[in-house]
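Computed from a predicted model, the values in this text were never measured in an experiment.
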Amino acid sequence: MGVSFLSTCPSLLSLVANDTPPSTRYHPRSVPICCNKTISDVVGEEPFHWRRREVLKCVGATIGLEIIGSSGSLVGMANAADLIERRQRSEFQSQVKGTLFKAIKGNPDIIPSLLKLALNDALTYEKATKSGGPNGSIRFSSEISRPENTGLSPALNLLEEAKKEIDSYSKGGPISYADLINYAAQSAVKATFLAAAISKCGGNEEKGNILYNAYGSNGQWGLFDRQFGRVDAQDPDPEGRVPIWEKASVQEMKDKFAAVGFGPRQLAVLSAFLGPDQSATETLLASDPDVAPWVQKYQRSRETVSRTDYEVDLITTFTKLSTLGQQINYEAYTYPRAKIDITKLKL
């Protein structure tokens, strides 16, 4: 009926031996164990009981420890690979931002068009069908030529030129138009924030940069920057989903924003995206009792040194806008690591 169990599990023998205090440690010999029977074959020791449940607990613990020990190297490799991919994406993203910053700095008058380009590309999103959204479909000639996109071709042309440069140094494939459009809009928004800080410093760029870095919202872009890997649409989005903002009533604007999950607050904070004259747009929006309080709130905020309420809410809203209906590919723009031949290393 009895079975010699410890003799077949060396790892259990070591656990039993090492559990014994140094003063009473002994060298165990094979002891037959019977379930629910008392075993006392060792001279001078108190009788003890081994039950199946206790044996199985020991076996389970030992096996678990061995699995954890053997899997440690795999976990380490996975973490290292993940860190390398994150660094690849981060470095590429920094290069993209640098290229777009230069392009916009040389063409500051294009900023309103870049903002509207991003808005109109995103607001083709339809919640019911989960179609459209910030997918780069506005690049197609049949979509960019629609009435609501009148005047946006120069902005798209600027991005086409920037894309050529970006793709030339990308190691992880060409940048998607969806990412390109949204990161261009981000650069445009940052340019308006910086310009406001410089203006508050009487036009002194050096002081304006210091003010923006000290009090500005530059550190609030973390969530936006993680959404890097938007996928391009392969066809134009359906017509009739985006209003002609210059002709739309405030109610029509509210209805469109509500259709994608936004309210009067988001409409007010995105006033700069709706046309080239933010002041005129806000005057129109302030005629609506639902939107007026938010317009006034953001106007007061822009008068402060930090402009915190306006800038943080704009970043938050734009981040949501830039991901409507999108499934982000968090492995986009990564690439295989170069293998090192250690035989060629010089010591």
Side-chain angles (χ1 to χ4, degrees), residues 93-94 96-120 151-152 154-155 158-159 162 181-225 245-246 250 253 264-288 291-322:
Q93 188 181 94
S94 295
V96 169
K97 289 181 179 182
T99 298
L100 293 172
F101 175 80
K102 284 193 304 179
I104 293 171
K105 189 174 183 180
N107 299 271
D109 293 339
I110 206 77
I111 286 177
S113 294
L114 289 172
L115 299 180
K116 189 176 179 182
L117 186 75
L119 178 71
N120 285 7
L152 299 184
L158 178 75
L159 296 189
I181 290 168
N182 281 285
Y183 277 86
Q186 181 199 39
S187 293
V189 168
K190 285 185 173 182
T192 65
F193 290 173
L194 179 57
I198 292 172
S199 177
K200 289 183 184 296
C201 294
N204 187 307
E205 288 192 18
E206 183 180 356
K207 291 182 179 179
N209 274 283
I210 293 173
L211 175 65
Y212 178 56
N213 290 325
Y215 294 99
S217 56
N218 207 31
Q220 301 296 320
W221 289 99
L223 180 58
F224 179 90
D225 286 341
W245 302 110
E246 293 79 7
V250 179
M253 295 181 189
R265 179 176 189 169
Q266 288 74 34
L267 177 58
V269 81
L270 289 177
S271 58
F273 285 65
L274 298 170
D277 190 340
Q278 185 177 19
S279 178
T281 301
E282 288 186 331
T283 299
L284 174 62
L285 293 176
S287 66
D288 184 277
V291 188
W294 296 108
V295 171
Q296 295 161 7
K297 173 185 174 71
Y298 295 132
Q299 286 176 337
R300 289 193 299 269
S301 177
R302 291 199 299 269
E303 295 300 318
T304 65
V305 173
S306 65
R307 298 167 33 113
T308 300
D309 288 343
Y310 171 68
E311 292 190 2
V312 171
D313 279 9
L314 177 52
I315 292 170
T316 301
T317 301
F318 177 51
T319 298
K320 293 179 180 177
L321 178 77
S322 72

Would you say that E303 contacts Y310 through its side chain, given a criterion of any heavy-atom pair below 4.5 Å between the two side chains?
no
Verdict with reasoning, L119 to W245, per side chain to side chain contact (heavy atoms under 4.5 Å, CB included):
CA-CA 11 Å; L119 178 71; W245 302 110; 3.9 Å; yes
Indicate the atoms forming the closest heavy-atom contact of L115 with A188, along with that distance.
CD2-CB, 3.8 Å
Quick one: OG1 on T317 to CG on D313, what's the gap to the nearest 0.5 Å?
6.0 Å
Taking Q220 for the side chain and I315 for the main chain, is one N or O donor matched with an acceptor at less than 3.5 Å?
no
Report the C-alpha distance between D225 and Y183 in whole Å, list the side-chain angles of each, state the deciding distance to 0.1 Å, and finish with yes or no for side chain to side chain contact (heavy atoms under 4.5 Å, CB included).
CA-CA 9 Å; D225 286 341; Y183 277 86; 3.8 Å; yes
Using the rule given for side chain to side chain contact (heavy atoms under 4.5 Å, CB included), can you reason through N204 versus I198, listing the C-alpha separation, both sets of side-chain angles and the distance that settles it, and then say yes or no?
CA-CA 6 Å; N204 187 307; I198 292 172; 6.0 Å; no
Check: T283 main-chain N/O paired with S287 side-chain donor or acceptor under 3.5 Å:
no
Just checking, is any N or O donor in the side chain of S271 or E282 under 3.5 Å from an acceptor N or O on the other one?
yes
Check whether N107 reaches the backbone of I110 with its side chain - one donor and one acceptor, N or O, closer than 3.5 Å.
no
What distance separates N120 CG from I181 CD1, expressed to the nearest 0.5 Å?
10.5 Å
Step-by-step side chain to side chain contact (heavy atoms under 4.5 Å, CB included) determination, V291 to M253:
CA-CA 11 Å; V291 188; M253 295 181 189; over 6 Å; no
Hey, does the side chain of S301 reach the backbone of K297 with a donor-acceptor pair shorter than 3.5 angstrom?
no
Search all heavy atoms of Y212 against all heavy atoms of S217 and return the closest pair with its distance.
CE1-N, 4.1 Å
K97 and S187: which non-hydrogen atoms are nearest, and at how many Å?
O-OG, 4.3 Å
Minimal heavy-atom distance between S322 and F224, with the atoms involved, is OG-CE1, 3.5 Å
In Å and rounded to the nearest 0.5 Å, what is the CD1 to OG1 distance from I104 to T99?
11.0 Å
What's the spacing between T304 OG1 and R302 CZ if we round to 0.5 Å?
10.5 Å
How close do G151 and S113 get, counting heavy atoms only, and between which atoms?
O-OG, 3.9 Å
According to the interplanar angle, ranging from 0 to 90°, do the rings of F318 and W221 count as parallel (below 30°), tilted (30 to 60°) or perpendicular (above 60°)?
perpendicular
More than 12 heavy atoms of other residues, nucleotides or ligands under 6.0 Å from NZ of K320: yes or no?
no
Reported SG-to-CD distance for the pair C201 and E206, which is rounded to 0.5 angstrom:
10.5 Å
Correct closest heavy-atom pair for L100 and A184 would be CD1-N, 3.6 Å
Straight-line distance of D288 CG to L267 CG, nearest 0.5 Å:
8.5 Å
